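Take a look at the structure below.
All values derive from a computational prediction rather than experimental measurement.
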Amino acid sequence: MMRWIPFAICLSTPAVAWEFTDSPICTLTNDGNPLTVQVTFDPAIGEYAIHLTLPASSAGWANAPVFALQFTGARSLTISTPSHSLSEDQRTVTVRDSGFGNVLNGLQYNAIATAMLGNEAIMFSLTDAADPVESFRNCGGPLTG
(Lines give C-alpha, C1' and ligand atoms only; values in the text may rest on other atoms or scores of the structure.)
Protein backbone atom coordinates (compact mmCIF):
# COMPACT_ATOMS: atom_id res chain seq x y z
CA MET A 1 0.00 0.00 0.00
CA MET A 2 2.78 2.48 0.86
CA ARG A 3 4.24 2.12 -2.65
CA TRP A 4 1.11 3.72 -4.11
CA ILE A 5 1.36 6.92 -2.05
CA PRO A 6 4.15 8.55 -4.15
CA PHE A 7 2.33 7.49 -7.32
CA ALA A 8 -0.94 9.01 -6.05
CA ILE A 9 0.85 12.24 -5.11
CA CYS A 10 2.28 12.48 -8.64
CA LEU A 11 -1.17 12.02 -10.12
CA SER A 12 -2.61 14.78 -7.93
CA THR A 13 0.13 17.27 -8.87
CA PRO A 14 -1.10 19.71 -11.55
CA ALA A 15 0.43 19.20 -14.96
CA VAL A 16 2.90 21.86 -16.00
CA ALA A 17 2.48 22.94 -19.59
CA TRP A 18 4.41 25.08 -22.01
CA GLU A 19 2.09 27.68 -23.52
CA PHE A 20 2.41 30.12 -26.40
CA THR A 21 0.53 33.35 -26.99
CA ASP A 22 1.03 36.08 -29.57
CA SER A 23 -0.71 38.88 -27.67
CA PRO A 24 0.34 41.49 -26.73
CA ILE A 25 3.78 40.22 -27.82
CA CYS A 26 5.10 36.74 -28.67
CA THR A 27 5.32 34.89 -25.35
CA LEU A 28 6.29 31.36 -24.38
CA THR A 29 5.55 30.44 -20.75
CA ASN A 30 6.01 27.53 -18.40
CA ASP A 31 4.57 28.16 -14.94
CA GLY A 32 6.39 25.26 -13.46
CA ASN A 33 8.07 23.96 -10.46
CA PRO A 34 10.70 24.87 -9.34
CA LEU A 35 10.56 28.10 -11.36
CA THR A 36 8.56 30.00 -13.96
CA VAL A 37 10.12 30.45 -17.40
CA GLN A 38 8.94 33.16 -19.77
CA VAL A 39 10.47 33.85 -23.19
CA THR A 40 9.31 36.94 -25.07
CA PHE A 41 9.89 38.48 -28.47
CA ASP A 42 8.76 42.02 -29.21
CA PRO A 43 8.71 42.41 -33.02
CA ALA A 44 8.34 46.18 -32.71
CA ILE A 45 11.83 46.50 -31.21
CA GLY A 46 13.34 43.17 -32.34
CA GLU A 47 14.21 42.08 -28.80
CA TYR A 48 14.07 38.66 -27.19
CA ALA A 49 14.14 38.08 -23.45
CA ILE A 50 14.09 35.12 -21.13
CA HIS A 51 12.93 35.55 -17.54
CA LEU A 52 13.42 32.77 -14.97
CA THR A 53 11.50 33.48 -11.76
CA LEU A 54 11.84 31.64 -8.49
CA PRO A 55 8.81 31.21 -6.18
CA ALA A 56 7.97 33.91 -3.62
CA SER A 57 9.20 31.61 -0.85
CA SER A 58 12.69 31.60 -2.37
CA ALA A 59 15.60 33.70 -1.13
CA GLY A 60 16.26 34.64 -4.77
CA TRP A 61 19.09 34.14 -7.22
CA ALA A 62 22.68 34.67 -6.17
CA ASN A 63 24.37 37.74 -7.58
CA ALA A 64 27.06 36.26 -9.86
CA PRO A 65 28.97 37.47 -12.93
CA VAL A 66 27.82 34.77 -15.40
CA PHE A 67 24.41 33.20 -16.07
CA ALA A 68 24.23 29.93 -18.00
CA LEU A 69 21.61 27.60 -19.44
CA GLN A 70 22.57 23.99 -20.00
CA PHE A 71 20.30 21.93 -22.25
CA THR A 72 20.41 18.14 -22.00
CA GLY A 73 18.90 15.86 -24.61
CA ALA A 74 19.02 15.24 -28.36
CA ARG A 75 20.88 18.50 -29.09
CA SER A 76 22.70 19.21 -25.84
CA LEU A 77 24.40 22.57 -25.48
CA THR A 78 25.39 25.10 -22.86
CA ILE A 79 25.12 28.84 -23.38
CA SER A 80 26.28 31.57 -21.02
CA THR A 81 26.37 35.33 -20.73
CA PRO A 82 27.63 38.04 -18.40
CA SER A 83 24.81 40.27 -19.75
CA HIS A 84 22.03 39.26 -17.38
CA SER A 85 20.13 41.26 -14.80
CA LEU A 86 18.36 40.48 -11.55
CA SER A 87 15.03 41.92 -10.47
CA GLU A 88 14.96 44.13 -7.39
CA ASP A 89 13.80 41.21 -5.22
CA GLN A 90 16.39 38.92 -6.91
CA ARG A 91 13.72 36.34 -7.74
CA THR A 92 13.95 36.87 -11.52
CA VAL A 93 17.03 36.62 -13.70
CA THR A 94 16.59 38.13 -17.18
CA VAL A 95 18.66 37.96 -20.35
CA ARG A 96 17.84 40.17 -23.37
CA ASP A 97 19.28 39.96 -26.88
CA SER A 98 18.48 40.54 -30.54
CA GLY A 99 18.98 36.84 -31.38
CA PHE A 100 17.81 33.78 -29.45
CA GLY A 101 18.39 30.87 -31.84
CA ASN A 102 20.45 28.86 -29.36
CA VAL A 103 17.90 29.39 -26.58
CA LEU A 104 15.01 28.34 -28.83
CA ASN A 105 16.94 25.32 -30.13
CA GLY A 106 17.75 24.31 -26.56
CA LEU A 107 14.13 24.59 -25.46
CA GLN A 108 12.72 22.85 -28.53
CA TYR A 109 15.08 19.94 -29.04
CA ASN A 110 16.05 18.83 -25.53
CA ALA A 111 14.49 17.17 -22.50
CA ILE A 112 15.92 19.08 -19.55
CA ALA A 113 17.32 22.56 -18.97
CA THR A 114 19.43 23.72 -16.04
CA ALA A 115 19.64 27.40 -15.15
CA MET A 116 22.93 28.23 -13.43
CA LEU A 117 23.91 31.38 -11.57
CA GLY A 118 26.74 31.35 -9.06
CA ASN A 119 26.59 28.10 -7.10
CA GLU A 120 22.88 27.64 -7.83
CA ALA A 121 21.70 25.20 -10.49
CA ILE A 122 17.97 24.72 -11.05
CA MET A 123 16.76 22.01 -13.40
CA PHE A 124 13.42 22.22 -15.24
CA SER A 125 11.61 19.99 -17.70
CA LEU A 126 11.23 20.73 -21.40
CA THR A 127 8.58 18.03 -21.86
CA ASP A 128 6.01 19.17 -24.43
CA ALA A 129 7.89 22.41 -25.17
CA ALA A 130 8.61 21.62 -28.85
CA ASP A 131 5.26 22.63 -30.40
CA PRO A 132 4.84 25.87 -28.41
CA VAL A 133 8.46 26.80 -29.24
CA GLU A 134 7.74 26.20 -32.94
CA SER A 135 4.71 28.51 -32.69
CA PHE A 136 6.90 31.09 -30.94
CA ARG A 137 9.46 30.88 -33.77
CA ASN A 138 6.70 31.72 -36.27
CA CYS A 139 5.36 34.69 -34.31
CA GLY A 140 5.94 38.31 -35.28
CA GLY A 141 7.62 37.79 -38.61
CA PRO A 142 11.04 36.37 -39.36
CA LEU A 143 13.05 35.66 -36.23
CA THR A 144 16.79 36.13 -36.11
CA GLY A 145 19.54 34.29 -34.30
Side-chain angles (χ1 to χ4, degrees), residues 6-145:
F7 180 70
I9 290 170
C10 289
L11 288 178
S12 66
T13 303
V16 176
W18 286 88
E19 297 179 355
F20 164 75
T21 182
D22 62 356
S23 179
I25 62 173
C26 307
T27 304
L28 179 66
T29 306
N30 181 278
D31 288 323
N33 187 10
L35 52 80
T36 297
V37 178
Q38 182 183 60
V39 181
T40 59
F41 175 66
D42 186 342
I45 61 173
E47 182 182 77
Y48 296 90
I50 186 167
H51 314 274
L52 297 108
T53 304
L54 296 170
S57 60
S58 166
W61 291 98
N63 192 1
V66 176
F67 171 74
L69 276 173
Q70 179 180 45
F71 298 100
T72 306
R75 296 188 189 177
S76 296
L77 75 140
T78 301
I79 53 179
S80 63
T81 181
S83 300
H84 62 282
S85 62
L86 290 174
S87 61
E88 192 171 309
D89 64 3
Q90 291 191 281
R91 287 185 40 237
T92 302
V93 60
T94 299
V95 177
R96 299 176 188 283
D97 202 344
S98 59
F100 250 43
N102 284 336
V103 172
L104 297 177
N105 287 343
L107 294 170
Q108 187 169 9
Y109 301 118
N110 291 289
I112 301 281
T114 305
M116 298 175 285
L117 189 58
N119 292 328
E120 191 154 20
I122 300 179
M123 201 178 306
F124 57 97
S125 174
L126 301 176
T127 300
D128 298 326
D131 288 342
V133 172
E134 186 64 29
S135 296
F136 182 89
R137 287 181 186 273
N138 295 320
C139 180
L143 303 183
T144 62

| request: Can you see which heavy atom on L117 is nearest to which on V66, and at what distance? | output: CD1-O, 3.3 Å
| said: Between R75 and G106 (side chain of the first, backbone of the second, donor and acceptor by atom type, cut-off under 3.5 Å), is there such a pair? | reply: no
| Ring geometry between W18 and F124 (parallel below 30°, tilted from 30 to 60°, perpendicular above 60°) | tilted
| query | Judged by atom type as modelled, is there a donor-acceptor pair below 3.5 Å linking the side chain of D42 to the main-chain atoms of E47? | reply | no
| message | Within the supplied structure, the quantity of interest is the number of heavy atoms (other residues, nucleotides, ligands) at a distance under 6.0 Å from D131 CG; does it exceed 12? | response | no
| Nearest non-hydrogen partners of L86 and A62, listed with the distance | CD1-O, 3.8 Å
| query | Which of these passes side-chain hydrogen bond (donor to acceptor under 3.5 Å, both in side chains) with T94: H84, H51, Q38? | reply | H51
| remark: Heavy atoms of P132 and L28 approach each other most closely as CB-CD1, 3.5 Å
| query | Could you state the interatomic distance from CD (Q70) to OG (S80), rounded to the nearest 0.5 Å? | reply | 11.0 Å
| query | At their closest point, which heavy atom of G60 faces which heavy atom of L54, and how far apart are they? | reply | C-CD1, 3.6 Å
| task | Decide side chain to side chain contact (heavy atoms under 4.5 Å, CB included) for D97 and T81; before the verdict, give the C-alpha distance in whole Å, the side-chain angles of both, and the deciding distance to 0.1 Å. | result | CA-CA 10 Å; D97 202 344; T81 181; over 6 Å; no
| field | Minimum side-chain heavy-atom gap V133-V39 below 4.5 Å | value | no
| task | Considering non-hydrogen atoms only, spot the tightest contact between R96 and A49 and give its length. | result | NH1-CB, 3.8 Å
| request: Mind telling me whether F136 and F41 have parallel, tilted or perpendicular rings, with 30° and 60° as the class edges? | output: perpendicular
| What are the two closest non-hydrogen atoms of C139 and D22, and how far apart are they? | SG-CB, 3.6 Å
| field | Min side-chain heavy-atom separation N102-F71 under 4.5 Å | value | no
| message | Go through it in stages, so that I can follow the logic: the residues are N138 and F20, the test is side chain to side chain contact (heavy atoms under 4.5 Å, CB included), and I'd like the CA-CA distance, side-chain angles, deciding distance and then a yes or no. | response | CA-CA 11 Å; N138 295 320; F20 164 75; over 6 Å; no
